[in-house]
Amino acid sequence: DSGVTQTPKHLITATGQRVTLRCSPRSGDLSVYWYQQSLDQGLQFLIQYYNGEERAKGNILERFSAQQFPDLHSELNLSSLELGDSALYFCASSVAQNNSPLHFGNGTRLTVT
Amino acid sequence: DQQVKQNSPSLSVQEGRISILNCDYTNSMFDYFLWYKKYPAEGPTFLISISSIKDKNEDGRFTVFLNKSAKHLSLHIVPSQPGDSAVYFCAASEDGNNDMRFGAGTRLTVKP
């Protein structure tokens with residue numbers, strides 16, 4: 001158990017809809033990261049937050065947004081969903097901003113129909 | 001833009017033998033490298049890391065080697081065990097950052 005909690009585990013929704021994925025980091029970790037893993041592909045970095053502030057941005061679409069709240073949990077919002085957004089979305093946390101292993105949750109599997 | 005590449009999608013080895021997983025990177029600014037292991041229906045689990053000031057780091061049966069001039073790292077597992085069967089990802093990040101870039105993964109199968 002990594003200590004990182006992601007909800008929900010599975011999500012099935014229709015094209016055009018909006019969903020929110022939730023992540024609670026390990027106790028004491030200030031950094032939260034979001035990654036997307038499409039079928040048989042590696043993990044694509046989306047965005048990182050540190051203590052509530054956006055720290056780094058990767059290949060995140062404009063239809064996607066995220067935030068980290070004062071209690072350090074984070075939400076990833078995906079809107080105007082397309083079939084190609086179907087993927088596993090992982091949240092990870094780390095204690096420091098650099099040279100610190102990421103600890104991953106078990107992911108949210110999103111299926112867009 | 002694949003900055004981290006794992007060119008072997010799969011690897012099969014016999015129990016007790018050595019498993020060698022390879023990873024190449026293109027970004028010379030990377031200075032922190034990690035290996036993760038992933039089982040089905042779980043998130044990746046951190047395995048071992050190495051910073052660019054070293055060329056080798058060992059933790060039990062796992063050793064990571066870094067060749068900066070070749071922009072290449074490898075993970076050696078000796079001896080391999082059936083429980084090591086999983087997908088292995090290498091990852092890298094730049095100095096001062098922690099937004100890691102991951103390879104596509106190599107599926108290791110260790111046969112009894």
Side-chain angles (χ1 to χ4, degrees), chain A residues 1-10 21 23-26 29-51 53-60 66 87-109, chain B residues 1-10 21-27 29-54 57 59 62 64 66 86-107:
Chain A
D1 182 6
S2 69
V4 178
T5 304
Q6 287 189 250
T7 57
K9 279 189 174 181
H10 303 276
L21 313 184
C23 170
S24 293
R26 284 190 326 164
D29 284 359
L30 299 179
S31 269
V32 170
Y33 311 75
W34 287 97
Y35 283 83
Q36 178 194 57
Q37 185 184 23
S38 301
L39 191 63
D40 290 336
Q41 293 192 15
L43 292 93
Q44 299 296 318
F45 171 68
L46 295 178
I47 198 163
Q48 176 199 356
Y49 281 83
Y50 177 79
N51 204 20
E53 299 289 326
E54 183 183 302
R55 180 73 175 83
K57 219 167 187 176
N59 300 322
I60 187 165
L88 261 173
Y89 291 84
F90 287 104
C91 170
S93 70
S94 69
V95 63
Q97 287 196 71
N98 60 287
N99 290 5
S100 176
L102 305 187
H103 300 274
F104 284 84
N106 286 334
T108 293
R109 181 172 293 282
Chain B
D1 178 18
Q2 285 289 333
Q3 298 185 63
V4 179
K5 298 180 184 179
Q6 293 176 258
N7 292 320
S8 297
S10 63
L21 298 108
N22 293 301
C23 179
D24 298 292
Y25 61 96
T26 57
N27 186 345
M29 299 299 291
F30 286 151
D31 74 336
Y32 183 56
F33 305 88
L34 309 92
W35 284 94
Y36 284 81
K37 179 167 73 172
K38 186 182 180 305
Y39 293 118
E42 293 183 10
T45 302
F46 169 68
L47 201 54
I48 192 169
S49 65
I50 188 169
S51 74
S52 60
I53 61 174
K54 291 185 168 183
N57 189 25
D59 183 2
F62 302 90
V64 55
L66 175 63
V87 177
Y88 288 78
F89 291 98
C90 69
S93 64
E94 294 182 24
D95 181 31
N97 295 317
N98 221 35
D99 49 317
M100 292 172 193
R101 310 300 162 145
F102 282 76
T106 296
R107 182 177 301 278

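Note: hydrogens, waters and symmetry copies are ignored here, and every other heavy atom, side chains too, is used.
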Bottom line for A:Tyr50: the part with an atom under 4.5 Å from chain B's heavy atoms is neither
What one should report as the nearest heavy-atom pair of A:Pro101 and B:Leu34 is CA-CD2, 3.8 Å
The ring pair (Phe, Tyr, Trp, His ring centres under 6.0 Å) partner of A:Phe104 among B:Phe89, B:Tyr36, B:Tyr39, B:Phe46 is B:Tyr36
If one checks every heavy atom of B:Ala91 against chain A at 4.5 Å, the contacting part turns out to be neither
Heaviest contributor of heavy-atom pairs below 4.5 Å to chain A, chosen from B:Met100, B:Glu94, B:Glu42, is B:Met100
Cut-off 4.5 Å, heavy atoms of chain B, and the answer for A:Ser100 is both
One should read off an interatomic distance between A:Asp1 CG and B:Thr45 OG1, to the nearest 0.5 angstrom, of 10.0 Å
* **Test item: B:Arg101 and A:Phe45 side chains (from C-beta on) under 4.5 Å apart, heavy atoms** => yes
In this structure, CG of A:Leu46 is separated from CG of B:Asp99 (nearest 0.5 Å) by 11.5 Å
CG (A:Leu88) and NZ (B:Lys38) are apart, to the nearest 0.5 Å, by 6.0 Å
For B:Gly43, is there any backbone N or O sitting under 3.5 Å from a side-chain donor or acceptor partner on A:Asn106? yes
In terms of heavy-atom contacts, does CZ of A:Arg26 have more than 12 from other residues, nucleotides or ligands at under 6.0 Å?
yes
The interface call for A:Arg55 against chain B, heavy-atom contacts under 4.5 Å, is side chain
